[in-house]
Amino acid sequence: MNCPHTAAAPADRGAGTVVIDPMVQDLDGETARLRDAGVLARIDLLGVPAWTVTRHAEARQLLLDPRLVKDIDAWGLWQSGVVTRAWPLIGMIDAGRSMFTVDGAEHRRLRTKTSQALTPRRLEAIRPEIEKFTQELLDALDAGQGDDGAVDLKAVFAQPLPMRVVGMLMGVDESQHAMLTRQYKAFFSMLTPQDERLSLLAELDVFYTDLVREKTARPTDDLTSALILAEEGGEPLTEEEVVGNLKAMVAAGHETTIGLVLNAVRALLSHPDQLRKVLAGEAGWDAVIEETLRWDTPTTHLLMRFATEDITVGDEVIRKGEGLVVSYRAIGRDIEQHGADADAFDITRPTRNRHMTFGHGPHICPGAALSRVEAGIALPALFTRFPGLRLAVPDEEITKLPVMTQNDMTAFPVLLG
Ligand code: STR
């Protein structure tokens, strides 16, 4: 098979390779195929071969393995020039120096302030602001209904809420939110031509670098300013490192939370018995959030880690230089971890908190608590304000964003009841 994105055709992919569909036309089918392909499966990402881990226990172990690193220079296909910046997924890996791309002691240095700023205790201080944003966006939903009574829950509510929250935390002015939303939509979409993706990433670099310079000159009380200031006696982050962290926080902090909120609403609307349980107080919103995180993970596949030595997993060996993806959606449906009914959405399932959707080990999502606070405010507020909330189109007509790595929708039209 010819690969248009890489400099040379990759090696034989073998019979057991699961080709990841850039258009995300059948996510449940693909998740099941990955699970069937084994603990460690070979996948094809737009012509580029990689391994993926599809099981909870083995992923947990691999995510603690220091022989797997995030540095793209450890990737054989990159070293040899087979994969280049022309590959549409390169921006998911070659994202600049930040806590997302560095390991070991340097990783701790890059990450500490961020994780300290996002502890549940520190987040209590911004809860009132998140509640205020939520109420404003609920008003916007009410005002946004078209002639047919429908309104897009994604565009009007689920998308702006996390953007405002991460914008407030990082000190990104509200006047820039529409631009960022537009840029990230194009960045993630597989329909965007690669030259456009590369130029928008360059524009974002300029934008974030300007922001960091402004905060360096006039620090405020946001996390960007905190990242710039040196710890007492510590080594300050470089401008490049602050920019890298800021990019990672804004990208991760809004895209994944959109998925969490929308996937939870969709799951409840298509499982009215479960919705009734929450509304009757028989189960908490935290149960809805955890079960959604397990059953319909906002991150489908996380790219990528590279083996610095041969790593044996069961009967397979990840060779030195090969890439490993973590397929969180398949991991959430692991029968060994969640039982034979792992494909069922059940907010009362005993293992609902035992998912791995935020990762594991040193890179575990530093924004996990924040996303739970956001969804924990947004979901009850939405269903309290609009108890008759329902889909404006049949569920089958909801389309996924053409994004291989994220589990998000193009739009989510609802009637407010
Ligand atoms: C997007 C592009 C960019 O400028 C920086 C980053 C680093 C963090 C990445 C982000 C990326 C893509 C979405 C990710 C996020 C970390 C968590 C998020 C992968 C590459 C998830 O989907 C879990």
Side-chain angles (χ1 to χ4, degrees), residues 20 24 45 52 59 63 70-72 85 87-103 107 110-111 114-115 118 162-163 166 170 172 179-190 192 194 196-209 211-212 224 227 240-263 293 296-305 323-329 331-332 355-372 400-401 403-408:
I20 305 300
V24 200
L45 296 164
T52 189
L63 287 168
K70 304 199 76 178
D71 179 4
I72 191 172
R85 296 277 297 170
W87 183 51
L89 290 166
I90 197 66
M92 295 297 298
I93 305 171
D94 193 20
R97 189 178 157 82
S98 77
M99 62 179 135
F100 186 68
T101 54
V102 168
D103 295 279
H107 172 246
L110 292 178
R111 174 177 158 119
T114 301
S115 43
L118 299 176
M163 183 56 91
V166 80
M170 304 311 295
V172 178
M179 177 278 289
L180 289 171
T181 298
R182 190 170 14 88
Q183 297 279 50
Y184 282 112
K185 190 174 167 218
F187 167 75
F188 284 113
S189 172
M190 289 299 123
T192 303
Q194 182 61 1
E196 267 176 46
R197 182 176 293 103
L198 292 177
S199 57
L200 79 82
L201 284 174
E203 283 165 33
L204 284 174
D205 267 333
V206 172
F207 170 74
Y208 288 120
T209 304
L211 184 63
V212 169
T224 303
L227 290 175
E240 184 199 1
E241 290 166 341
V242 178
V243 169
N245 276 352
L246 179 57
K247 287 198 296 194
M249 298 280 295
V250 174
H254 85 282
E255 171 49 42
T256 49
T257 310
I258 299 172
L260 171 56
V261 170
L262 290 181
N263 294 348
L293 286 165
D296 205 11
T297 60
T299 302
T300 313
H301 306 289
L302 192 111
L303 275 48
M304 202 185 284
R305 286 174 169 79
L324 175 75
V325 166
V326 185
S327 290
Y328 284 107
R329 199 168 189 280
I331 289 168
H355 61 76
M356 213 197 305
T357 297
F358 292 112
H360 187 64
H363 287 278
I364 191 166
C365 177
L370 176 59
S371 75
R372 287 175 165 130
K400 291 285 184 191
L401 267 190
V403 182
M404 307 173 86
T405 53
Q406 317 303 124
N407 181 10
D408 189 0

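Note: hydrogens, waters and symmetry copies are ignored here, and every other heavy atom, side chains too, is used. Order of listing sets the numbers, starting from 1, for every ligand and every atom in it.
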Reported CG-to-CD1 distance for the pair Leu63 and Ile331, which is rounded to 0.5 angstrom: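 Nearest 0.5 Å value for the CG-CD1 distance: 7.0 Å.
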
Can you tell me how far OG of Ser115 sits from CD1 of Ile364, rounded to the nearest 0.5 angstrom?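 Answer rounded to 0.5 Å: 11.0 Å.
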
Would you confirm whether [X], through its side chain, and [Y], through its main-chain N or O, come within 3.5 Å as a donor-acceptor pair?
X	Y	result
Arg197	Ser189	yes
Asn263	Asp296	yes
Asp408	Glu255	no

How would you list, by chain and number, the residues with a heavy atom under 4.0 angstrom from ligand 1?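 Gly91, Met92, Ala95, Phe100, Phe187, Phe188, Lys247, Ala248, Ala251, Ala252, Thr256, Thr299, Leu302, Gln406.
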
Ser327: partners by side chain to side chain contact (heavy atoms under 4.5 Å, CB included), with sequence neighbours left out: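 Side chain to side chain contact (heavy atoms under 4.5 Å, CB included) list for Ser327, sorted by chain: Leu34, Thr52, His301, Val325, Ala330.
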
